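Owing to the predicted nature of the structure, the values given are computational and were not obtained by experimental measurement.
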Amino acid sequence: MRYQGSKRGLMKNLKALIERNLNECQAYIEPFGGGMNSFAAINHKNKIAMDINPHVIAMWKAIQDKTFKIPERVTETEYKAMREDCLTNGGKYDSALLGYVGNACSNGCGWWNGYAHFNPNRNEDHIAEARRGLLKHISSFIGLDSCTFVHGDYRTLEYPKNSFIYCDPPYASTKGYNKNGFDNELFWEWCREMCDKGHKIMVSEYSAPSDFVCIWEKTRKDGMGTTKTGVAQNVKVERVFVHKSQLRKFKF
């Protein structure tokens, strides 16, 4: 699913890294599930995904139950009405529908980030593309019928003993994505505490505190287009970190 901060383009590498280090007896948990792009790709019998957005989780539960019908089209008028209803907790629209429209029909897939108009210059229909992408995503979702979707803050989940936890939190350096005040320092401290409790933690970020070690990285273009000289704009280095105390537990 198209989703802000998605790891869809990195999944071949991330899937291999995660599954290489995942024990079949462990619970596999993603506390920042969102678009479920990484979560859907992991082949494991005990998968739990969490997200703080209740509407996104409602959408995934409805997809799992086969009760959600992806709308063919969403007009700008409908989008604005749903946005107003969602942001004011009006309760007029189904929560699962709001979870879909708030992301898939928004500019850059940012949560209610403005209606995604057709782009005639690029012949791009963002909303139609997002719909096709979600249908394809559902068809290839590994373990959709048996996995668990949970709404809540990452700190509130009761993690099974010795879980494998893959975190893709709001990045500290991405202001547009991290505009709701996510406390990154608190997150890293939580990671340390979870390591101390015996859980295995992997984190995707651009950078990390000095006691976390990068075990994988890949350069990618963050954004669209190139300069007139053909140089890619907004080049970023995606990295995966583990705490130094757990280095011997990982194969990479």
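- Counted by atom type alone, E217 and Y206 present zero donor-acceptor pairs between their side chains at under 3.5 Å.
- When the side-chain hydrogen bond (donor to acceptor under 3.5 Å, both in side chains) test is applied to D196, no partner is found at least two apart in sequence or on another chain.
- Side-chain atoms of K200 come within 3.5 Å of backbone atoms of N21 as a donor-acceptor pair (strictly under, hydrogens ignored).
- Within the 3.5 Å criterion, the main-chain N or O of A49 finds no donor-acceptor partner in the side chain of E30.
- H126 contributes no side-chain N or O that, together with a main-chain N or O of G108, makes up a donor-acceptor pair within less than 3.5 Å.
- Every residue meeting the side-chain contact (heavy atoms from CB on, under 4.5 Å) condition with T219, not counting sequence neighbours, appears here in chain and number order: V235, V237.
- Not less than 6.0 angstrom separates the ring centroid of Y166 from the ring centroid of Y28.
- Ion pair E129/R132 not flagged as a salt bridge, since none of the NZ, NE, NH1 or NH2 atoms sits closer than 4.0 Å to an Asp/Glu carboxylate oxygen.
- Using a cutoff of 4.0 Å between basic side-chain nitrogens and carboxylate oxygens, K218 and E238 are not scored as salt-bridged.
- Under the 4.0 Å criterion applied to side-chain N and carboxylate O atoms, R73 and D125 are assigned as salt-bridge partners.
- Take E19 and apply the side-chain hydrogen bond (donor to acceptor under 3.5 Å, both in side chains) test, not counting sequence neighbours, and it matches K15.
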Please table the atom pairs, donor to acceptor, closer than 3.5 Å between any side-chain atom in residues 74-81 and protein atoms at least two apart or in another chain.
from : atom 1 : to   : atom 2 : distance (Å)
T75  : OG1    : E78  : N      : 3.1
T75  : OG1    : E78  : OE1    : 3.3
E76  : OE1    : H117 : NE2    : 2.9
E76  : OE2    : H117 : NE2    : 3.4
E78  : OE1    : T75  : N      : 2.9
Y79  : OH     : S106 : OG     : 2.7
Y79  : OH     : N113 : N      : 3.4
Y79  : OH     : G114 : N      : 3.1

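- The side-chain hydrogen bond (donor to acceptor under 3.5 Å, both in side chains) test applied to E72 returns R131, not counting sequence neighbours.
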Please tabulate, one pair per line, all N/O donor-acceptor pairs under 3.5 Å involving side-chain atoms of residues 243-252, not counting sequence neighbours.
from : atom 1 : to   : atom 2 : distance (Å)
H243 : ND1    : S245 : N      : 3.1
H243 : ND1    : S245 : OG     : 2.7
H243 : NE2    : D211 : OD2    : 3.1
Q246 : OE1    : I201 : N      : 3.2
Q246 : NE2    : H199 : O      : 2.6

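- D65 contributes no side-chain N or O that, together with a main-chain N or O of T67, makes up a donor-acceptor pair within less than 3.5 Å.
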